[in-house]
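Worksheet: one structure, shown below.
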Amino acid sequence: MTRREELENCASLQDELRRMQKGEPYDAHTPEMRAWRGEVKKLLRRLNNTEYHEPSMADITRELLPNSAPDVFVEPPFYCDYGNLIFAGEGVFINFGCIILDGGGVHIGRKTLIAPGVHIYTAEHPLNADDRDKWEMCRPVRIGERCWIGGDVTICPGVTIGDRTVIGAGSVVVRDIPSDCVAVGNPCRVIKYVNGKKE
């Protein structure tokens with residue numbers, strides 16, 4: 001039995017993971033949670049140190065992202081917390097230097113393009129320091145189909161981005177963005193509609 005399989009059978013780990021995915025307060029620092037992320041880091045190290053476009057790169061990506069389409073392409077280096085909570089559709093391309101904190105679940109629609117240096121966060125911490133010492137929580141991020149997320153964009157917890165939308169480079173997305181638009185800035189806001197959609 002592998003270490004991952006041992007951890008999958010651990011009741012205390014499963015309890016924390018359930019709370020995390022439901023958006024409830026959870027303890028990310030139990031020994032089991034740290035060990036689970038440690039196993040993911042081993043896969044990331046393999047991916048990030050694999051010779052570019054070697055056949056094993058696709059195998060490692062499928063092992064790291066088991067709930068994503070088989071043809072998802074990830075340019076290393078790439079970093080995530082769990083991997084199995086990234087749900088990327090067919091034809092998704094994730095360029096190098098991306099970080100996805102996927103505890104709350106990150107859903108990426110088919111044929112979406114993620115530019116270099118994009119950060120997607122689902123984890124957030126309480127504002128009260130005493131609470132912050134004990135727990136954190138997650139909110140899911142959803143990105144629609146055929147979107148283009150520009151370089152160095154930051155997408156914050158709980159955000160939904162509609163289909164076919166373009167997010168301009170360097171934007172910080174703190175609230176939902178509708179389909180068929182171009183949105184830019186910090187905070188990110190719609191500047192125009194595209195694909196025949198009117199305001």
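Separating the OG atom in Ser179 from the CG atom in Asn195 is a distance of 9.5 Å, to the nearest 0.5 Å.
In terms of the side-chain hydrogen bond (donor to acceptor under 3.5 Å, both in side chains) criterion, Arg142 has no residue partners (sequence neighbours excluded). The side-chain contact (heavy atoms from CB on, under 4.5 Å) check on Cys98 picks up Phe78, Ile94, Ile114, Val118, with sequence neighbours excluded. Shown here are the side-chain hydrogen bond (donor to acceptor under 3.5 Å, both in side chains) partners of Asp59, two or more places apart in sequence or in another chain: Arg62. Under the side-chain hydrogen bond (donor to acceptor under 3.5 Å, both in side chains) criterion, Arg19 pairs with Glu16, sequence neighbours left out. Qualifying side-chain contact (heavy atoms from CB on, under 4.5 Å) partners for Ala169, counting only residues two or more places apart in sequence or in other chains: none. Scored by the side-chain contact (heavy atoms from CB on, under 4.5 Å) test, Thr61 finds Leu47, Leu65, Val74 as partners (sequence neighbours excluded). For Asp27, there are no side-chain hydrogen bond (donor to acceptor under 3.5 Å, both in side chains) partners two or more places apart in sequence or in a different chain.
Annotation: side chain to side chain donor-acceptor pair (under 3.5 Å) contacts involving residues 164-175, sequence neighbours excluded, comprise Arg164-Asp180. Within the structure, salt bridge (Lys or Arg N to Asp or Glu O under 4.0 Å) pairs that include any residue of residues 84-100 do not occur (at least two apart or interchain). Note on residues 115-138: pairs passing salt bridge (Lys or Arg N to Asp or Glu O under 4.0 Å), not counting sequence neighbours, are Glu124-Arg139.
What you find for Glu32 and Leu13 is that their closest heavy atoms are O-CD1, 3.7 Å.
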Would you give me the side-chain donor-acceptor pairs under 3.5 Å for residues 144-163, sequence neighbours excluded?
{"from": "Glu145", "atom 1": "OE1", "to": "Arg110", "atom 2": "NE", "distance (Å)": "3.3"}
{"from": "Asp163", "atom 1": "OD1", "to": "Glu145", "atom 2": "N", "distance (Å)": "2.8"}

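Remark: side-chain polar atoms of Asn67 are not paired, donor with acceptor, to backbone N or O of Leu85 under 3.5 angstrom.
Other cluster members for Tyr121: Tyr79, Ile99, Leu101, joined by side-chain heavy-atom distances under 4.5 Å among Ile, Leu, Val, Met, Phe, Trp and Tyr.
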